[in-house]
Colleague: 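I have a structure here, written as structure tokens, and I will follow up with some questions on it.
Fair warning: this is a prediction, and the values are worked out from it, not measured in the lab.
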Amino acid sequence: MTAPTINIRKGVESDCESILQFIEELALYEKAPEAVLMTLEQLKQDGFGEKPAFQVLIAEDTNQEPYLPVGFALWFQAYSTWKGTFMYLEDLYVTSTYRGQGIGVSLLKTLAQIALENGYKRLRWQVLDWNQPARDFYQSIGATEMSDWVPCQFDDEQSLNEFVNSH
């Protein structure tokens with residue numbers, strides 16, 4: 001296999017099938033394939049509709065014809081009452097056969113550049129506590145683990161309704 005030549009570009013609506021495939025692959029890796037409820041239609045609407053909820057970068061191997069998507073980074077603008085606007089990275093994923101070639105670093109550097117260009121005060125993401133390869137990777141590039149914060153959420157419509165309707 002020829003070493004890939006990787007291009008990082010802004011995602012477009014026609015990338016949604018690849019993005020959904022990456023989401024499903026990531027969920028399988030994270031041992032939660034049943035948790036993905038996303039549909040192609042919802043992804044298109046949420047990312048490329050009238051009010052886009054996220055932005056996405058696509059990493060593609062330009063040695064393949066047509067160019068082959070091999071990874072993605074999906075992010076959105078968030079807000080901190082302490083710092084102001086920041087970038088929240090929801091997913092970063094590179095297909096297994098392309099890992100270890102600097103593609104994840106390239107995606108993160110592109111995100112960091114976008115954050116700087118937009119005046120964002122931070123770039124934040126989460127990693128599963130058992131995913132030691134990812135944790136090691138993030139530490140190796142200078143990211144800080146926030147061990148003093150615990151994520152909380154209502155995970156689905158049922159839990160939201162139960163809370164709203166509780167005494």
Colleague: Mind checking the CG-CD spacing from Leu111 to Gln55? Nearest 0.5 Å is all I need.
Modeller: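 Between Leu111 CG and Gln55 CD, I get 10.0 Å after rounding to 0.5 Å.
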Colleague: Ring centres of Phe154 and Phe163 under 6.0 Å apart?
Modeller: yes
Colleague: So which atom in Leu107 and which in Gly71 form the shortest heavy-atom distance, rounded to 0.1 Å?
Modeller: CD1-C, 4.5 Å
Colleague: Minimum heavy-atom separation for Leu89 to Leu74, with atom names?
Modeller: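 Minimum heavy-atom separation between Leu89 and Leu74: CD1-O, 3.5 Å.
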Colleague: Look at atom CH2 of Trp82 and say whether more than 12 heavy atoms of other residues, nucleotides or ligands are closer to it than 6.0 Å.
Modeller: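 No, the 6.0 Å shell around CH2 holds no more than 12 heavy atoms from other groups.
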Colleague: To the nearest 0.5 Å, what is the distance between SG (Cys152) and CH2 (Trp149)?
Modeller: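 So the SG of Cys152 and the CH2 of Trp149 are separated by 10.0 Å.
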Colleague: Would Val94 end up clustered with Val105 when hydrophobic side chains under 4.5 Å apart are linked, directly or stepwise?
Modeller: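 Yes.
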Colleague: Please examine the side chains of Ile6 and Thr62, heavy atoms only from C-beta on, and report whether any two atoms are closer than 4.5 Å.
Modeller: no
Colleague: Examine Arg99 relative to Tyr29 and say whether NZ or CZ is less than 6.0 Å from the centre of the six-membered ring and inside a 45° cone about the ring axis.
Modeller: yes
Colleague: Is there side-chain contact between Met146 and Gln126, with heavy atoms separated by less than 4.5 Å?
Modeller: no
Colleague: Could you walk me through whether Tyr138 and Trp125 satisfy the side chain to side chain contact (heavy atoms under 4.5 Å, CB included) test, starting with their C-alpha distance in whole Å, then the side-chain angles of each, then the deciding distance to 0.1 Å, before giving a yes or no?
Modeller: CA-CA 10 Å; Tyr138 296 138; Trp125 65 94; 3.2 Å; yes
Colleague: Taking CD in Glu17 as the centre, count heavy atoms belonging to other residues, nucleotides or ligands within less than 6.0 Å. Is the count above 12?
Modeller: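 For Glu17, atom CD is not crowded (no more than 12 foreign heavy atoms under 6.0 Å).
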Colleague: Verify side chain to side chain contact (heavy atoms under 4.5 Å, CB included) between Thr85 and Asn118, making sure each step is shown before the conclusion.
Modeller: CA-CA 9 Å; Thr85 56; Asn118 285 284; over 6 Å; no
Colleague: Under the criterion side chain to side chain contact (heavy atoms under 4.5 Å, CB included), which of Lys44, Met38, Glu25 is the partner of Leu20?
Modeller: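 When Lys44, Met38, Glu25 are each tested with Leu20, the side chain to side chain contact (heavy atoms under 4.5 Å, CB included) holds only for Met38.
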Colleague: With rounding to the nearest 0.5 angstrom, report the CD to CD distance, Gln21 to Glu24.
Modeller: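 Atom-to-atom, Gln21:CD and Glu24:CD are 7.5 Å apart.
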Colleague: In sequence, state the C-alpha distance, the side-chain angles, and the governing distance for Gln153 and Asp155, and then conclude on side chain to side chain donor-acceptor pair (under 3.5 Å).
Modeller: CA-CA 6 Å; Gln153 68 184 17; Asp155 198 38; 2.8 Å; yes
Colleague: Less than 3.5 Å apart, any donor N or O on the side chain of Gln45 or Glu41 sitting next to an acceptor on the other?
Modeller: no
Colleague: Could you pull out the closest heavy-atom pair between Gly11 and Ile58, with the gap in Å?
Modeller: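 For Gly11 and Ile58, the tightest heavy-atom pair comes out as CA-CG1, 3.8 Å.
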Colleague: Would a 4.5 Å heavy-atom cut-off, applied to side chains only, mark Asp61 and Asn7 as touching?
Modeller: no
Colleague: May I ask you to decide whether Asp15 forms a salt bridge with Lys10, counting only side-chain N to carboxylate O separations under 4.0 Å?
Modeller: no
Colleague: Taking the side chain as every heavy atom from C-beta outward, state whether Arg122 and Met87 have any pair of such atoms under 4.5 Å apart.
Modeller: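 Result no, sub-4.5 Å side-chain heavy-atom pair not found.
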Colleague: Side chains of Lys121 and Ser80, heavy atoms from C-beta outward: is any pair under 4.5 Å?
Modeller: no
Colleague: Following the transitive rule for hydrophobic clusters with a side-chain heavy-atom cut-off under 4.5 Å over Ile, Leu, Val, Met, Phe, Trp and Tyr, establish whether Val36 and Leu40 coincide in one cluster.
Modeller: yes
Colleague: So if you build clusters from Ile, Leu, Val, Met, Phe, Trp, Tyr with side-chain heavy-atom gaps below 4.5 Å, do Val12 and Ile19 land together?
Modeller: no
Colleague: Heavy atoms only: give me the nearest Gln42-Thr39 pair and the separation to one decimal.
Modeller: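 Taking every non-hydrogen atom into account, N-OG1, 3.0 Å.
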Colleague: Going hydrophobic residue to hydrophobic residue with side-chain gaps under 4.5 angstrom, can you get from Ile103 over to Leu108?
Modeller: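 Yes; Leu108 is reachable from Ile103 via cluster members.
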Colleague: Between Leu92 and Ala73, which heavy-atom pair has the shortest distance, and what is it?
Modeller: CD1-CB, 4.0 Å
Colleague: Let's go through Phe54 and Phe76 carefully: what are the C-alpha distance in whole Å and the side-chain angles of both, what is the deciding distance for ring-ring contact (aromatic ring centres under 6.0 Å, His included) to 0.1 Å, and is it a yes or a no?
Modeller: CA-CA 5 Å; Phe54 66 83; Phe76 54 89; 8.8 Å; no
Colleague: So do the side chains of Val56 and Phe48 get within less than 4.5 Å of each other, counting heavy atoms only?
Modeller: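 The answer is yes, as the side chains (C-beta and beyond) meet within the 4.5 Å cut-off.
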Colleague: Could you tell me the separation between the OG1 atom of Thr110 and the CZ atom of Arg9, rounded to the nearest 0.5 Å?
Modeller: 12.5 Å
Colleague: Please round to the nearest 0.5 Å and tell me the distance separating atom CD of Gln113 and atom CD1 of Ile8.
Modeller: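 It comes to 13.5 Å.
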Colleague: If we only count heavy atoms from C-beta on, is the Leu68 to Glu60 side-chain gap below 4.5 Å?
Modeller: no
Colleague: Parallel under 30°, tilted from 30 to 60°, perpendicular over 60°: which one fits the rings of Tyr120 and Trp75?
Modeller: perpendicular
Colleague: Is it true that, when you exclude Glu157 itself, more than 12 heavy atoms of the residues, nucleotides or ligands shown sit nearer than 6.0 Å to its CD?
Modeller: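 Atom CD in Glu157 is not crowded, with 12 or fewer foreign heavy atoms closer than 6.0 Å.
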Colleague: Treating Arg135 as the side-chain partner and Asp129 as the backbone partner, does any N or O pair qualify as donor plus acceptor under 3.5 Å?
Modeller: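 Present.
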Colleague: Where is the tightest heavy-atom contact between Tyr67 and Pro69, given as atom of each residue plus distance?
Modeller: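 Looks like O-CD, 3.5 Å.
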Colleague: Run Leu128 and Glu30 through side chain to side chain contact (heavy atoms under 4.5 Å, CB included) and show every step you take.
Modeller: CA-CA 8 Å; Leu128 290 167; Glu30 292 180 346; 3.6 Å; yes
Colleague: Measure from the side-chain N and O atoms of Asn165 to the backbone N and O of Asn161, and report whether any donor-acceptor pair falls under 3.5 Å.
Modeller: yes
Colleague: What I'd like to find out is whether the side chain of Leu57 reaches to under 4.5 Å of the side chain of Ile114, using heavy atoms alone.
Modeller: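 With C-beta onward as the side chain, the pair touches.
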Colleague: Could you state the interatomic distance from CZ (Phe86) to CG (Leu123), rounded to the nearest 0.5 Å?
Modeller: 9.5 Å
